[in-house]
Amino acid sequence: MKFTSDVVVLSARRYSMTDEKTGELVQGTKVQYIEDWNDCMEENKRGVSVLSANFPFKWFDDLTDLPATYEADFQLAEGARGKPVVRMTALRFKAPFIPGKDGK
């Protein structure tokens, strides 16, 4: 199952570390994002739920002028212990994020 949705990417950071058990180099880009900005504050008085996704290390250079609105692809996949999880698989820039006049 695949679907597409608009998200606001808040931040992106690169990581590079060596796995202590295997000695393997682990690299990537961690993206933090939110969905459905306009409705979040009305439904959640404690703030907006920030989600995260990991991508290849080289994707970091394609994420510019954050925060920004991106079109994101998601796919249903098998997670830990066989439980279904939704994973972000791609991002396409749409526009800089500019909150509305009312702060939303």
Side-chain angles (χ1 to χ4, degrees):
M1 173 183 202
K2 296 179 182 181
F3 64 95
T4 300
S5 178
D6 285 350
V7 300
V8 176
V9 175
L10 301 171
S11 66
R13 69 173 178 84
R14 281 184 169 163
Y15 57 89
S16 181
M17 60 191 142
T18 303
D19 185 303
E20 292 179 7
K21 293 181 182 178
T22 66
E24 181 181 346
L25 182 62
V26 179
Q27 294 183 318
T29 298
K30 183 174 184 174
V31 172
Q32 292 192 302
Y33 68 95
I34 57 174
E35 297 176 299
D36 298 327
W37 173 262
N38 288 330
D39 296 332
C40 284
M41 296 308 287
E42 294 173 11
E43 295 175 11
N44 186 357
K45 294 187 184 230
R46 294 185 181 169
V48 178
S49 296
V50 178
L51 305 168
S52 64
N54 290 302
F55 292 104
F57 189 79
K58 64 183 179 180
W59 283 29
F60 181 83
D61 294 328
D62 295 334
L63 300 167
T64 58
D65 299 325
L66 299 180
T69 303
Y70 282 79
E71 182 179 69
D73 293 340
F74 294 89
Q75 184 169 352
L76 189 61
E78 185 176 329
R81 300 184 188 144
K83 292 185 178 182
V85 295
V86 176
R87 291 202 174 112
M88 186 185 292
T89 58
L91 286 169
R92 288 174 297 284
F93 179 81
K94 288 187 77 173
F97 176 71
I98 302 171
K101 292 178 184 176
D102 60 357
K104 293 183 182 178

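- Heavy atoms only, all atoms of each residue included: S5 and F74 are closest at CB-CE1, 4.0 Å.
- Residue pairs meeting the side-chain hydrogen bond (donor to acceptor under 3.5 Å, both in side chains) criterion with at least one partner in residues 77-89, sequence neighbours excluded, do not occur; the list is empty.
- Residues satisfying the ring-ring contact (aromatic ring centres under 6.0 Å, His included) criterion with Y33, sequence neighbours excluded, are absent altogether.
- Closest of all the heavy-atom pairs between Y15 and K30 is CE2-N, 3.9 Å.
- Of the possible polar contacts, one joining the T29 side chain to the P56 backbone as a donor-acceptor pair under 3.5 Å is found.
- With sequence neighbours left out, F60 forms a ring-ring contact (aromatic ring centres under 6.0 Å, His included) with no residue at all.
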| said: Pair D73, F3 - check side-chain contact (heavy atoms from CB on, under 4.5 Å), show working. | reply: CA-CA 6 Å; D73 293 340; F3 64 95; over 6 Å; no

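- The existence of a salt bridge linking D61 and R14 is confirmed by a sub-4.0 Å separation between a basic side-chain nitrogen and an acidic carboxylate oxygen.
- The nearest pair of heavy atoms linking Y70 to T64 is OH-N, 3.6 Å.
- Minimum heavy-atom separation, A12 to L66: N-CD1, 3.7 Å.
- Of the charged side-chain nitrogens involved, at least one lies within less than 4.0 Å of a carboxylate oxygen, so that K94 and D6 count as a salt-bridged pair.
- The pair R92-E71 meets the salt-bridge criterion, with a side-chain N (NZ, NE, NH1 or NH2) lying under 4.0 Å from an Asp/Glu carboxylate O.
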